[in-house]
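This report refers to the structure that appears directly beneath it.
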There are 2 protein chains.
Amino acid sequence: MSANCEFTTVLEILGGKWKPTIMYHLFSNGTMRFSELQRAMPEITKKMLTAQLRELEYHDIVHREIYQQIPPKVEYSMTEHGKGLTPVLMAMNDWGKAHLNHLSTLYGEEQPLNEAASNIEG
Amino acid sequence: MSANCEFTTVLEILGGKWKPTIMYHLFSNGTMRFSELQRAMPEITKKMLTAQLRELEYHDIVHREIYQQIPPKVEYSMTEHGKGLTPVLMAMNDWGKAHLNHLSTLYGEEQPLNEAASNIEG
DNA sequence: CTGGATCCAGCCCGATACTG
DNA sequence: CAGTATCGGGCTGGATCCAG
């Protein structure tokens, strides 16, 4: 019913603590190995990274390329369909910045960016 | 850095099962009473609607106007800051439609648009 | 009419250890 | 290198009842 469906669908896909960040890195770097993604997001555990990548793969957002070799090598990249999410991620990123600024204007000019900065660094 | 902060921030705000839908209705209708929102989203419970509205209010996304009278009357509307989320919601909605279409091309042509159309209508 | 309070099931997510 | 297995805490969200 009513647009709820679209929002719910989108939230199911990019909901989860790390999915947008994963997509952001894949957008920026094109193709990334598992370990590269891990290094790009030091806080995420392997379990979570695996789980979220599997979900994104299931929804045809990311492509998983397996190289049968020792040591193993797996590369992730955005599918064409997944690339369609770019506007959503951009809009989210833009508004996120605006919101962080807005917070500083609301809760004090003294430390306008310190708080935000402390949150920004991973 | 890592833009993780922006995404995490945005997801905290419009994460939750109903927030985007609530905002969508407030965008469309301008100002709505509690009971109107309930009617617009029959599936949501009062507890959840209240909780999510409080969170949106806390983040300065929605404004809560209380009329001191019996019976009580409370009106909700988007703040100027909250209206900045329009591009995000639009992008989400657009991609949600595209994704529903994409699903039908992946998993069967039989009911390509009917299902999506019935869901889109509001 | 607009909530608040309470109870409870389920899931998300993190820490740790193990594997081919 | 790229995962899986297991355990457990904390939060989310639903049902129900109560209140001003």
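Every chain is numbered from 1 and lettered A, B, ... according to where its sequence line falls, protein lines coming before strand lines.
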Determine the sole option in B:K83, B:H63, B:M78 for which the side chain to side chain contact (heavy atoms under 4.5 Å, CB included) test with B:L26 is passed. B:M78
d(CD1, A:I44; C1', C:dC12) in whole Å: 13 Å
Could you tell me whether the phosphate oxygens of D:dC1, OP1 or OP2, come under 4.0 Å of any side-chain nitrogen or oxygen in A:Q69? no
If we only count heavy atoms from C-beta on, is the B:S77 to B:V62 side-chain gap below 4.5 Å? no
What is the nucleic acid contact for A:E75, judged by heavy atoms within less than 4.0 Å: base, sugar-phosphate only, or nothing? nothing
Separation of A:E65 atom CD from D:dG3 atom C1', in whole Å? 17 Å
Do any side-chain nitrogens or oxygens of A:R33 fall under 4.0 Å of OP1 or OP2 in D:dG3? no
Quick one: B:I66 CD1 to C:dG4 P, roughly how many Å, whole number? 10 Å
Please check the phosphate of C:dT16 (OP1 and OP2 only) for any side-chain N or O of A:T45 closer than 4.0 Å. no
Within the structure, does a side-chain N or O atom of A:R54 lie under 4.0 Å from either OP1 or OP2 of D:dT4? yes
Distance-only polar pair, side chains of B:H81 and B:H59, donor-acceptor under 3.5 Å: no
Side-chain donor/acceptor contact of A:K46 with base of D:dG3 under 3.5 Å: yes
Quick one: A:R64 CZ to D:dA2 P, roughly how many Å, whole number? 10 Å
Counting heavy atoms from C-beta on, name the nucleotide in C:dG3, C:dG14, D:dA2 closest to the side chain of A:F34. D:dA2
Under 4.0 Å: is that the gap between some side-chain N or O of A:T50 and OP1 or OP2 of D:dG3? no
Distance in angstrom units between B:Q38 CD and C:dT2 P, rounded: 8 Å
How is B:Q68 classified with respect to the nucleic acid when contacts are heavy atoms under 4.0 Å: base, sugar-phosphate, or nothing? nothing
Please report the distance, rounded to the nearest Å, between CG in B:L49 and C1' in D:dA15. 16 Å
For a quick check of understanding: with a heavy-atom distance under 4.0 Å over all strands, which category does A:K73 fall into, base, sugar-phosphate or nothing? sugar-phosphate
For the pair made of OH in B:Y67 and P in C:dT2, what is the distance, rounded to whole Å? 12 Å
For a quick check of understanding: with a heavy-atom distance under 4.0 Å over all strands, which category does B:Y76 fall into, base, sugar-phosphate or nothing? sugar-phosphate
Any chance you could lay out the side-chain contact (heavy atoms from CB on, under 4.5 Å) test for B:I22 and B:Y76, step after step, and finish with the verdict? CA-CA 10 Å; B:I22 292 173; B:Y76 295 91; over 6 Å; no
First locate atom OG1 of A:T50, then atom CD of A:Q52, and finally report the distance between them rounded to the nearest 0.5 Å. 10.0 Å
Do any side-chain nitrogens or oxygens of A:R39 fall under 4.0 Å of OP1 or OP2 in D:dA2? no
Rounded to the Å, how far apart are A:K47 NZ and C:dC11 P? 13 Å
